[in-house]
Amino acid sequence: LRLAPLHILASVEIEQGLTGKARATYRKMQEISGGTPSERSLVHGIGAALAQIEGKWDEAESEYKLAAEGLASGGKEHRVDMANVLAGMAAVYLNQRQPVRALAAVGQALVILETARDAVPLDRLKFLNLRAAVFGRQGRWLEAEKDLSEAFSLAHGQSRVDPVELEGLAANYS
């Protein structure tokens with residue numbers, strides 16, 4: 001199936017800020033029929049990311065839920081992909097000013113990362129940073145500081161860390 005390569009292409013286009021190109025790739029993904037539920041979740045994941053970029057929070061939440069359902073139906077509810085979907089949902093909830101729901105989604109993602117065979121330490125770093133942001137929005141500074149300290153420790157122990165991720169950590173810490 002061509003969904004996986006198109007998903008990678010759309011993800012890169014989104015990361016590079018090429019939203020128009022990502023939208024065109026997303027349309028191509030939508031035209032592909034069939035596929036497993038977890039493959040269809042790729043389509044919903046890109047749809048959610050695009051809706052999130054456009055500030056369409058309800059649409060993004062709906063697409064993330066469909067992506068999560070597809071992963072669960074495909075037996076991938078305990079993988080990093082599911083944790084990433086939950087992180088997207090947490091970001092949506094933060095933008096909807098629902099920090100309790102955001103914290104629940106991040107907590108669920110961190111539980112998945114504890115047992116996910118495909119998880120790496122940098123995944124945990126990203127989710128600790130996100131949870132710290134949620135704690136910060138709630139004024140729970142000690143908990144935010146604890147998560148950020150752990151994230152910095154994880155970053156220090158890695159040979160390569162994405163500079164954007166480090167910038168996010170530093171910005172949240174300040």
Side-chain heavy atoms under 4.5 angstrom apart, residues restricted to Ile, Leu, Val, Met, Phe, Trp, Tyr: same cluster for [X] and [Y]?
| X | Y | answer |
| --- | --- | --- |
| Met89 | Ile112 | yes |
| Tyr26 | Leu3 | yes |
| Leu110 | Leu103 | yes |
| Val134 | Phe127 | yes |
| Val80 | Val85 | no |

_Just to verify, what does Lys21 make a side chain to side chain contact (heavy atoms under 4.5 Å, CB included) with, not counting sequence neighbours?_
Glu13, Leu18
*For Ala90, what residues pass the side chain to side chain contact (heavy atoms under 4.5 Å, CB included) criterion, not counting sequence neighbours?*
Ala102, Ala105, Val106, Leu130
*Going through the distances and angles, do Glu145 and Leu142 end up as a side-chain contact (heavy atoms from CB on, under 4.5 Å)?*
CA-CA 5 Å; Glu145 183 179 14; Leu142 291 176; 4.2 Å; yes
Would you mind listing every salt bridge (Lys or Arg N to Asp or Glu O under 4.0 Å) that reaches into [range], with sequence neighbours excluded?
| range | value |
| --- | --- |
| residues 41-52 | none |
| residues 109-123 | Arg79-Asp118, Glu114-Arg124 |
| residues 102-113 | none |

*Applying side chain to side chain donor-acceptor pair (under 3.5 Å), which residue pairs with at least one partner in residues 81-95 are found, sequence neighbours left out?*
Glu61-Tyr93, Asn84-Lys126, Tyr93-Arg101
*Apart from Val100 itself, residues in the same hydrophobic cluster as defined by side-chain heavy atoms under 4.5 Å*: none
Check: residues 42-55 side-chain donor-acceptor pairs under 3.5 Å, at least two apart:
residue	atom	partner	partner atom	Å
His44	ND1	Glu63	OE1	2.8
Gln52	OE1	Tyr64	OH	2.6
Glu54	OE1	Arg23	NH2	3.2
Glu54	OE1	Lys56	NZ	3.1
Glu54	OE2	Arg23	NH2	2.7

*Identify, with sequence neighbours excluded, every residue that meets side-chain hydrogen bond (donor to acceptor under 3.5 Å, both in side chains) alongside Glu77.*
none
*Just jot down the side-chain hydrogen bond (donor to acceptor under 3.5 Å, both in side chains) partners of Arg140, sequence neighbours excluded, or say none.*
Gln138, Glu143
*Residues in salt bridge (charged side-chain N to carboxylate O under 4.0 Å, His left out) contact with Glu69, at least two apart in sequence or another chain*: none
Mind checking whether [X] and [Y] have side chains closer than 4.5 Å, heavy atoms only?
| X | Y | result |
| --- | --- | --- |
| Leu125 | Glu150 | no |
| Met82 | Lys76 | no |
| Thr19 | Ile14 | no |
| Arg2 | Met29 | no |
| Leu128 | Leu148 | no |

Could you pull out the closest heavy-atom pair between [X] and [Y], with the gap in Å?
| X | Y | value |
| --- | --- | --- |
| Ser73 | Pro37 | CB-CB, 3.7 Å |
| Gly35 | Arg40 | O-CG, 4.3 Å |
| Leu113 | Ala83 | CD2-CB, 4.1 Å |

*Kindly compute the distance separating OG1 (Thr25) from CG (Leu6), expressed to the nearest 0.5 Å.*
6.5 Å
*Check for a donor-acceptor pair, side chain of Ser41 on one end and backbone N or O of Ser38 on the other, with a separation under 3.5 Å.*
yes
